Every structure is written in structure tokens, then in C-alpha cells.
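Just below is one structure, and these are the notes that go with it.
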Amino acid sequence: MTMSLRTIIKRKSYIGRENCEHSERPLYGRRGIAMKALYSDGSVRDAEDELKVIRHTTSHILAQAVKRLYPETKLAIGPAIADGFYYDMDREGGFTEADLPKIEEEMRKIVKENLKLETYTLSRDKAIEFEKGRHEDYKVQLIEDLPKDEVISFYKQGDFTDLCAGPHVLYTKQCKAFKLTSLAGAYWRGDEHNKMLTRIYGTAFANKEDLEKYLNMMEEAKKRDHRKLGKELGLFMFADEGPGFPFFLPNGMVLKNTLMSYWRSIHVPAGYKEISTPMMLDRKLWEMSGHWDHYKDNMYTTMVDDVPFCIKPMNCPGSILVFKSEARSYRDLPLRLAEFGVVHRHEKSGELHGLMRVRCFTQDDSHIYVTPDQITDEIEAIVRIIDRMYSQFGFKYHVELSTRPKDSMGSDEDWKLATDGLKKALETMKMPYVVNEGDGAFYGPKIDFHLEDSIGRTWQCGTIQLDFQMPQRFDVQYTGADGQKHRPIMIHRVVFGSVERFIGILIEHYAGKFPVWLAPVQVKVLSVSEKSRGYAVKVTQQLMDAGVRCENDDRDEKIGYKIREAQLQKVPYMLVLGEKETADGSIVAVRSRDRGDLGARPTAEFIAQVQKENAERTN
RNA sequence: GCCACUGUGGCUCAGCGGUAGAGCGACGGUUUCGUAAACCGUCGGCCGGGGGUUCGAUUCCCUCCAGUGGCUCCA
């Protein structure tokens with residue numbers, strides 16, 4: 001199986017001083033010479049990861065600058081991360097963006113001073129005493145939480161000393177290519193019950209050129225932002241009347257429907273049966289499923305004839321009612337009930353993000369009822385489907401296995417069984433994955449598939465969840481070969497995850513330049529002048545009859561204008577029809593969005609080609 | 001929800017104490033034109049909502065709403 005995988009980069013990090021995230025960037029030395037780094041044992045040797053070291057030191061320079069300018073600031077943590085670094089600090093009144101230039105200026109001074117970095121260790125008590133003495137409360141906490149046998153090291157550069165495991169560069173001058181990028185609130189230790197600190201983000205590179213390159217890349221990436229393209233291409237919109245509730249516009253609807261029919265073309269032959277369950281159901285059902293206990297805060301509720309109802313945040317209970325609507329036999333299993341279920345979830349206002357994070361979305365959901373010995377095969381089959389569908393789009397993805405969360409239900413044995421089941425499937429398939437402790441659903445562990453957006457943020461899309469709980473809670477049964485009643489196991493799974501989120505990823509992945517099979521408008525017919533208007537109408541009709549999604553632009557505009565507009569709308573093919581084509585009566589001049597003028601060819605030939613690209617889903 | 005920032009016609013943005021401006025779009029004309037923007041004209045905004053300061057607020061302050069970047073949470 002071909003699979004495009006990447007190592008994980010997670011932007012977030014919680015742990016103290018050792019949590020400089022590992023960068024996956026190539027380990028390059030400037031002009032081929034490996035950079036030296038100062039390790040906490042005092043040795044100087046080749047840096048294992050040059051960028052990480054530079055970024056980490058730059059975060060210290062940031063902290064040093066802040067302490068010089070605002071000595072009352074207390075420091076928390078300041079690791080290197082995937083694209084740069086940050087430092088969390090606590091200062092009365094916080095910081096604002098207006099402070100950043102000042103801080104940057106001070107940082108440049110520190111770089112210029114070319115301070116030498118030194119490292120030393122202290123005993124636990126001395127270290128605590130030292131940090132207490134200078135009122136670095138967060139540092140004290142960090143030290144107190146370090147394992148007993150941990151060596152506690154400090155790094156010093158000029159007037160600044162920080163608790164740190166290192167390594168660092170040798171002189172501050174090595175950190176001259178940096179930039180502070182943004183400012184954000186962040187809870188101490190990532191816990192929302194803790195105090196919110198100010199986090200200053202920045203990035204740093206080995207040299208100015210790399211920094212420039214990175215900043216330009218980020219600028220370019222912004223042009224691919226699905227929110228911007230969604231507006232420009234008329235795909236979707238939001239309204240004040242429904243924050244977080246997307247509206248699909250005609251072009252976006254074509255995209256959504258096309259994805260759904262692609263999905264069906266894969267799932268129907270794989271034995272999935274599609275159903276549709278109600279948008280809202282009696283609250284009693286949600287109490288029984290456990291949603292009311294574990295998911296209440298995210299659920300919308302209403303009253304129907306004085307009975308409390310819930311709008312569904314998930315499709316599983318509905319699916320179970322379908323399963324239970326008739327007597328099931330072991331011969332029916334695996335029973336794969338699929339549903340494009342529209343779910344509503346009350347997400348906190350600050351969490352919304354274009355189509356990626358919404359309050360109402362369409363899950364390409366399926367609930368598969370299996371016997372215990374069918375689990376592994378079924379999960380493998382699902383993983384194959386997911387890989388096949390992601391490969392269709394050329395997506396990079398990575399896999400995470402999420403284990404039991406704090407707020408969950410069921411016995412430890414069931415959880416272990418389920419988690420081992422998922423693990424086993426991944427291992428048989430030799431699928432690389434990372435374990436995400438405590439991140440499972442409240443009813444079971446899960447395998448998550450994460451895709452990347454244009455600026456490298458990853459979003460969970462596909463997921464496979466193994467569930468022993470719901471079947472128990474709902475007393476779901478089938479009759480086995482032995483004539484006895486048995487309890488099936490339920491697999492919850494999605495490929496797109498949220499069709500909305502998937503579309504968001506898709507827009508950024510293609511930068512709006514959809515291949516023919518996905519393009520809302522596949523062909524734009526452009527008449528050169530009014531003399532070719534009649535012919536344009538005829539060709540448009542031919543295209544429509546052939547099932548091609550096309551539009552005819554017959555306005556009194558110059559051909560250059562029409563082309564520009566079609567080009568900006570990222571229509572894959574434009575047909576330029578002038579007097580020559582009209583005179584011939586059976587040819588069209590083809591212009592490709594990506595390859596420019598392709599010259600004239602018989603209309604039939606062009607149609608056949610578009611049909612082929614469409615049918616084969618050529619990328 | 002929390003921290004910071006932003007919110008001016010359909011879109012992109014300027015103005016910032018004396019009651020609004022550009023380009024594009026839309027609309028009406030003129031033009032009928034061969035591969036990324038023809039020309040002329042017209043319409044269009046109680047400057048996100050509410051409150052306050054002021055003789056006067058788009059401009060200052062407060063508050064609410066929405067968006068952006070993060071945090072927490074998650075498909």
C-alpha cells in the first residue's frame with residue numbers, strides 16, 4: 001500500500017523545560033558545516049537539530065529582552081516549536097502588539113552584544129532557592145515537578161539566566177534571523193483553570209534568506225486560505241444570524257454533492273447501506289446513550305409537546321434504533337449502516353474557524369456492527385478505504401491512536417480490549433502512528449487521521465472508534481449460530497470526518513484550482529464578439545447535453561476580460577469561440593486554466609476529453 | 001469561554017473630533033472586440049449594535065455582537 005505519511009508536529013506543548021518540540025526540518029548546517037551547540041553537561045558538539053537550537057536560544061533572547069524592558073515580568077516556559085518558538089510570560093496588564101517592535105529592538109541589541117552562553121547545574125534545593133529568590137514562581141513549580149533524579153541545569157547569557165535543559169547556541173549572534181510573529185493568551189500548563197499568561201510567538205532561522213523565504217511562504221499560504229477562496233469562488237458563506245453555521249452557495253454545493261457521490265461510489269461496493277436518521281430525538285435517548293452525561297454542554301435542546309428533545313450532536317443513537325428495529329442475525333454482520341448525518345454541536349465562540357470548525361456539519365458517518373472476531377478485518381478494510389480516498393486527493397496525513405479519557409464510561413477491561421484491537425489492526429498493517437493518551441471518545445478509543453491546512457495546522461478528519469458501551473447501554477443484540485443472543489461491537493467511523501472541514505482542506509490543498517471532476521464549473525464558454533454568440537449557445541448546449549458543468553459568458557465584453565474573469569474563478573477550461581470556430585461549426589478553441597491556449601480541436605474531441613477527466617477523476 | 005487584535009458601500013482598502021472617499025463590482029449607455037481588466041455615466045454607506053464623554057464622534061471611553069491569531073475543547 002502506498003501511503004504518504006509525515007512525522008507529527010504538534011504546535012501545542014504543555015510540559016516544562018524539556019518540551020522543545022522536535023522539528024522535522026532537515027538538519028542542515030550552514031554551508032555544509034554542522035553548527036556547534038552547548039549541551040547542558042557543558043560539552044560543545046555538533047547540534048543535532050540546528051534550527052531547534054537556534055529557535056530555543058532565540059526564545060531565551062526574547063525572555064531576556066522582556067526582562068530588561070519589563071523586569072516585573074515572570075517567566076513560564078519558552079520552547080522551540082515546529083515553525084519557531086514562543087515564550088509564555090506573566091505580567092500585570094499583559095502585553096499588546098504595540099510592545100512587540102520594542103521587544104524586537106531589544107532582542108537585536110542582545111544579539112549584537114554577542115553574549116556567550118554558559119551552562120551550569122544546581123542541586124534541586126539550590127535551584128528552587130535561586131528561583132524563589134528572584135520571584136520566578138513558575139520556574140519554582142517547574143523544578144518542583146521535575147523527576148527526583150533529574151539534573152537541573154541553567155543557561156546564562158550576560159545578565160540573563162534561565163532554567164533550561166538546552167542545548168543552546170554558543171553566542172547570541174547566531175540568532176540574528178528572527179521575527180516576533182504574534183501574541184496570544186495561553187493558560188499556564190494548558191489548563192483553562194489556571195491563570196492565562198501572555199504567549200509571544202516568533203520564528204527564527206539560520207540565516208536571513210531562510211527567514212525571508214519562510215515569511216514569503218506564509219504570505220503565499222494566506223492566499224490559499226479557504227475562507228478567502230470560499231468567498232472569492234462563491235462556495236460558502238456565514239451570516240451574523242448563525243455564527244458557525246455555514247451556508248453552501250451553488251458552487252460549494254456542487255463540490256459537496258460531488259464529494260458525496262464519490263463517497264457513495266466507494267462505499268456502496270464495500271457493502272455499506274445508507275440510512276438517514278432524525279435531526280432531533282427525545283432527550284431520554286441521549287440520557288441512555290450517555291451523551292447527556294458526557295456531552296450536554298455541546299448539545300442544543302428544545303421542547304416538543306412539553307417533552308425535552310435534543311438536536312443530534314452525533315448519529316450513533318439513531319443508527320442503533322435502526323439496528324434494533326428488527327431481529328438481527330450473525331449472518332447480517334458486519335452490518336454497515338452509513339449516514340450523511342447533519343450534526344449540531346455548540347462549540348465555544350472562540351473555537352470557530354471557517355469551515356474547519358463549525359457548529360453544524362455533515363458527517364460521512366457509518367456504524368458497523370460486528371462480532372469480536374470481525375474487528376481486525378473490518379478495521380483494516382476501513383483504513384484501506386480511508387487511505388484510498390485520501391490518496392485520490394494526494395493528501396499527506398498522519399495517524400494517532402487515542403486512548404481512554406478522564407471523562408468516559410465503561411469497564412477498564414472493555415477499554416483495554418478495544419484499545420488493543422485498534423493497536424493490533426494498525427500494527428498488522430504496519431501503519432505508523434503516535435499514541436495520544438486520554439484523547440479518546442467518552443465511549444471508546446479511536447484511530448484518528450489528521451490532514452494539514454495551508455499553513456501547516458493539522459485537522460482531524462477521518463476517525464475509527466471502537467465502542468463496547470453503546471451496544472450495552474442500548475441492549476443491542478443479534479442471534480448467533482448457536483441460537484443464543486449475543487452483543488455486537490460497534491465501530492463508529494468517518495472518512496471525510498466533517499464534509500465541511502474536508503472541503504476546507506480541499507480548497508486549501510488545491511488553492512481553489514479544483515481538478516475537472518471537482519470543479520463547480522468545468523467549462524466556461526466565451527464568445528469573442530456578438531457574431532459568435534449563436535455558436536456559443538449551441539456549444540454550451542452540447543456540453544450540457546454531455547453532462548459537462550458549463551456556463552456561457554455572452555456579455556458584451558472583450559475576450560481578454562472574459563478570460564481574466566474565468567481564470568480568476570479558476571475554471572479548468574475556457575472555450576474561446578470567435579468567427580473561425582463559428583464558420584467551421586464543429587470546433588472549439590480550448591484554453592486551459594493551467595496550461596494556457598491549447599488551440600482548436602473538434603468539439604466532440606474536447607467533450608470526450610472532459611468526460612474522461614471527469615470519470616477518471618484526474619487530478 | 002479566556003488573552004490580544006480587527007470591524008468604513010457587494011469586495012479590497014484610505015480617512016480618524018467638525019456630520020465620508022478610492023478602485024473593483026452592480027446598473028444605464030457607447031463599443032462588437034481573438035487568449036488575464038474598452039470608454040462614459042449612475043446608483044450604493046445612519047462608518048458592526050447600544051450607551052457615554054463632547055457644542056459636535058466614523059474618529060475618544062464603556063459594553064454587546066461578529067471576525068482574526070492563539071489557549072482550552074474538538075470532526
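Each chain gets a letter, A, B and so on, in the order the sequences are listed, and its residues count up from 1. Not measured: the values here are computed from a predicted model.
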Check your understanding: Are OP1 or OP2 of B:rC33 and a side-chain N or O of A:Lys531 less than 4.0 angstrom apart?
Key -> yes
Point to revise | Salt bridge A:Lys256-A:Glu500, side-chain N to carboxylate O under 4.0 Å | key: yes
**Study point:** Side-chain heavy-atom pair A:Gln460, A:Leu451 within 4.5 angstrom cut-off
**Key:** no
Practice item. For nucleotides B:rU8 and B:rA66, find the distance between their C1' atoms and express it as a whole number of Å. Key: 15 Å
Check your understanding: Quick one: A:Asp297 CG to B:rU72 C1', roughly how many Å, whole number?
Key -> 13 Å
Check your understanding: At under 4.0 Å between heavy atoms, what does A:Glu579 touch on the DNA or RNA strands: base, sugar-phosphate, or nothing?
Key -> base
Check your understanding: Should A:Arg593 and A:Lys513 count as side-chain neighbours, where that means a heavy-atom distance under 4.5 Å?
Key -> yes
Check your understanding: At under 4.0 Å between heavy atoms, what does A:Glu241 touch on the DNA or RNA strands: base, sugar-phosphate, or nothing?
Key -> nothing
Check your understanding: Phosphate oxygens OP1/OP2 of B:rG70: is one of them under 4.0 Å from a side-chain N or O of A:Arg457?
Key -> yes
**Study point:** Option passing ring pair (Phe, Tyr, Trp, His ring centres under 6.0 Å) with A:Phe502 (candidates A:Phe393, A:Phe361, A:Tyr262)
**Key:** A:Phe393
Check your understanding: Nearest to the side chain of A:Arg199 - B:rC71, B:rU32, B:rC74?
Key -> B:rC71
Review point. What distance, rounded to whole Å, do you find between the two C1' atoms, one in B:rC24 and one in B:rG9?
Key: 12 Å
Check your understanding: Is the distance between the ring centroids of A:Tyr397 and A:Phe395 under 6.0 Å?
Key -> no
Point to revise | Rounded distance in Å - CG (A:Leu506) to C1' (B:rA75) | key: 16 Å
Check your understanding: Between A:Ala186 and A:Thr198, who's closer to the 5' end of RNA chain B by nearest nucleotide?
Key -> A:Thr198
**Study point:** Distance-only donor-acceptor test, A:Gln465 side-chain atoms vs B:rA75 base atoms, 3.5 Å
**Key:** no
Review point. According to the Watson-Crick and G-U wobble definitions, with both distances under 3.5 Å, which nucleotide is paired to B:rC33?
Key: none
Review point. How close or far is atom P of B:rC33 from atom CG of A:Leu577, stated in whole angstroms?
Key: 15 Å
Exercise for review: Considering only atom P, compute the distance from B:rU72 to B:rC3 and round it to an integer number of Å.
Suggested key: 16 Å
Point to revise | Complementary nucleotide for B:rU12 - Watson-Crick or wobble, under 3.5 Å | key: B:rA22
Check your understanding: Counting any heavy atom closer than 4.0 Å, what does A:Val358 reach on the DNA or RNA strands: base, sugar-phosphate only, or nothing?
Key -> base
Point to revise | Rounded distance (Å) that lies between atom P of B:rU12 and atom NZ of A:Lys228 | key: 8 Å
Exercise for review: Describe the nucleic acid contact of A:Glu347 in one word from base, sugar-phosphate, nothing, applying a heavy-atom distance below 4.0 Å.
Suggested key: base
Point to revise | Presence of A:Arg227 side-chain N/O under 4.0 Å of B:rC11 phosphate oxygens OP1/OP2 | key: no
**Study point:** Who pairs with B:rG67 - Watson-Crick or G-U, where each distance is under 3.5 Å
**Key:** B:rC5
Practice item. Provide, to the nearest angstrom, the distance between the CG atom belonging to A:Asp240 and the P atom belonging to B:rC65. Key: 12 Å
Check your understanding: Between B:rC60 and B:rC16, how far is it from one C1' atom to the other, in whole Å?
Key -> 10 Å
Check your understanding: Is there a Watson-Crick or G-U wobble partner for B:rG41 with both distances under 3.5 Å, and which nucleotide is it?
Key -> B:rC27
**Study point:** Euclidean distance, atom NZ of residue A:Lys231 to atom C1' of B:rC11 [Å, nearest integer]
**Key:** 8 Å
Review point. Would you say a side-chain N or O of A:Ser349 is under 4.0 Å from OP1 or OP2 of B:rG1?
Key: yes
Exercise for review: Write down the distance separating the C1' atoms in B:rU32 and B:rC39, rounded off to the nearest Å.
Suggested key: 14 Å
Practice item. Specify the separation, in whole Å, of atom CD1 of A:Ile464 and atom P of B:rA75. Key: 14 Å
Check your understanding: Any idea which of B:rA75, B:rC2, B:rC74 is nearest the A:Met196 side chain?
Key -> B:rC2
Check your understanding: Any donor-acceptor pair under 3.5 Å between the side chain of A:Glu351 and the base of B:rU72?
Key -> yes
Practice item. Would you mind classifying the nucleic acid contact of A:Leu568 as base, sugar-phosphate or nothing, using non-hydrogen atoms under 4.0 angstrom? Key: base
Review point. Does the B:rC73 base have a donor-acceptor partner in the side chain of A:Arg357 within less than 3.5 Å?
Key: yes
Check your understanding: Base, sugar-phosphate, or nothing: which does A:Gly560 touch, judged by heavy atoms less than 4.0 Å apart?
Key -> sugar-phosphate
Point to revise | Under 3.5 Å donor-acceptor pair, A:Tyr187 side-chain atoms to B:rG70 base atoms | key: no
**Study point:** Beyond-backbone contact of A:Leu249 with A:Met237, side-chain heavy atoms, under 4.5 angstrom
**Key:** yes
Check your understanding: Using a cut-off of 4.0 Å on non-hydrogen atoms, how would the nucleic acid contact of A:Glu557 be classed: base, sugar-phosphate, or nothing?
Key -> base
Exercise for review: Would you indicate what A:Ala566 reaches in the nucleic acid, counting non-hydrogen atoms under 4.0 angstrom: base, sugar-phosphate, or nothing?
Suggested key: nothing
Check your understanding: Using 30° and 60° as the class limits, which term best fits the ring planes of A:His267 and A:Trp263: parallel, tilted or perpendicular?
Key -> parallel
Exercise for review: Determine the interatomic distance between P on B:rG7 and the same-named atom on B:rG49; round to the nearest Å.
Suggested key: 13 Å
Point to revise | Spacing of the C1' atoms in B:rU12 and B:rG50 (rounded, Å) | key: 29 Å
Practice item. Kindly say if A:Lys195 contacts the phosphate of B:rC3, meaning a side-chain N or O under 4.0 Å from OP1 or OP2. Key: no
Point to revise | Distance between P atoms of B:rC13 and B:rU54 (Å, rounded) | key: 36 Å
Check your understanding: Counting side-chain heavy atoms from C-beta on, which of B:rA36, B:rU32, B:rA66 comes nearest to A:Ser529?
Key -> B:rU32
Review point. Would you say B:rC74 has OP1 or OP2 under 4.0 Å from some side-chain N or O of A:Gln460?
Key: no
Exercise for review: Let me know, please, whether A:Val528 or A:Phe95 comes out on the 5' side of the other along RNA chain B by nearest nucleotide.
Suggested key: A:Phe95
Check your understanding: Heavy atoms, side chains only, cut-off 4.5 Å: are A:Tyr272 and A:Arg264 in contact?
Key -> no
Practice item. Name the closest nucleotide to the A:Thr463 side chain, picking from B:rA4, B:rU35, B:rA75. Key: B:rA75
Point to revise | Sugar-phosphate only, base, or nothing, as touched by A:Met574 at under 4.0 Å among non-hydrogen atoms | key: nothing
Point to revise | 4.5 Å side-chain heavy-atom contact, A:Lys446 and A:His492 | key: no
Review point. So which nucleotide from B:rG34, B:rA38, B:rU72 ends up closest to the side chain of A:Lys348?
Key: B:rU72
Review point. Of the nucleotides B:rA4, B:rA36, B:rC33, which one has an atom closest to the side chain of A:Leu183?
Key: B:rA4
Practice item. Among B:rA26, B:rG34, B:rC73, find the nucleotide with the atom closest to the side chain of A:Arg555. Key: B:rA26
Check your understanding: Would you call A:Met107 and A:Phe178 a side-chain contact if the rule is heavy atoms closer than 4.5 Å?
Key -> yes
**Study point:** Atom-to-atom span, OH of A:Tyr561 to C1' of B:rA36 - whole angstrom
**Key:** 12 Å
Review point. Considering every strand shown, what is the Watson-Crick or G-U wobble mate of B:rC47 when both distances are under 3.5 Å?
Key: none
Point to revise | A:His353 side chain near B:rG69 phosphate (N/O to OP1/OP2, under 4.0 Å) | key: yes
